[in-house]
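In this chain, numbering begins with 1 at the start of the sequence shown.
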Amino acid sequence: MAAEKPDRKEHEFMVAAVEPAKDDTLDGVAVTLVDARGGRVRLHMDTDMAEILRERISAALSKTVGP
């Protein structure tokens with residue numbers, strides 16, 4: 001059986017820091033995610049998508065912390 005090829009559309013990124021983006025001209029929200037090696041990814045979202053992300057992170061946190 002051949003080993004599965006990794007999906008080139010997906011990347012594991014272990015976040016070591018989150019910084020507000022310095023762009024004040026964006027219509028929405030931007031954050032910079034920093035990995036353990038110093039690699040950076042800037043994430044741009046409109047306010048609706050940022051709210052969905054906030055809700056999903058909140059739900060995930062409540063599962064790990066418990067009531």
Side-chain angles (χ1 to χ4, degrees):
M1 178 181 241
E4 287 186 38
K5 293 181 182 177
D7 186 349
R8 295 184 189 268
K9 294 179 183 178
E10 292 186 22
H11 302 279
E12 284 287 319
F13 193 90
M14 302 304 290
V15 178
V18 178
E19 304 168 353
K22 295 176 177 81
D23 315 58
D24 290 337
T25 60
L26 296 174
D27 183 27
V29 176
V31 294
T32 301
L33 306 176
V34 184
D35 73 4
R37 293 190 212 168
R40 294 174 177 271
V41 173
R42 183 167 293 163
L43 182 62
H44 298 267
M45 298 166 279
D46 64 20
T47 53
D48 291 337
M49 189 57 65
E51 179 62 23
I52 291 169
L53 180 61
R54 185 199 65 76
E55 290 170 358
R56 297 227 175 130
I57 290 172
S58 179
L61 284 172
S62 66
K63 286 180 184 177
T64 60
V65 175

Is there side-chain contact between Ile52 and Arg56, with heavy atoms separated by less than 4.5 Å? yes
Note, Arg40 side chain near Val34 side chain (heavy atom, < 4.5 Å): yes
So, do Leu53 and Leu43 sit near enough that their side-chain heavy atoms are less than 4.5 Å apart? yes
What's the shortest heavy-atom distance between Val41 and Phe13, and which atoms? CG2-CE1, 3.6 Å
So, for His44 and Ala30, which heavy atoms are closest and what is the spacing to 0.1 Å? ND1-CB, 3.7 Å
Same cluster (ILVMFWY, side-chain, under 4.5 Å), Leu61 and Val31: yes
How far apart are the closest heavy atoms of Ala16 and Ala36, and which atoms are they? CB-N, 3.8 Å
Same cluster or not: Val18 versus Met49, using hydrophobic residues (I, L, V, M, F, W, Y) connected whenever any side-chain heavy atoms lie under 4.5 Å apart? yes
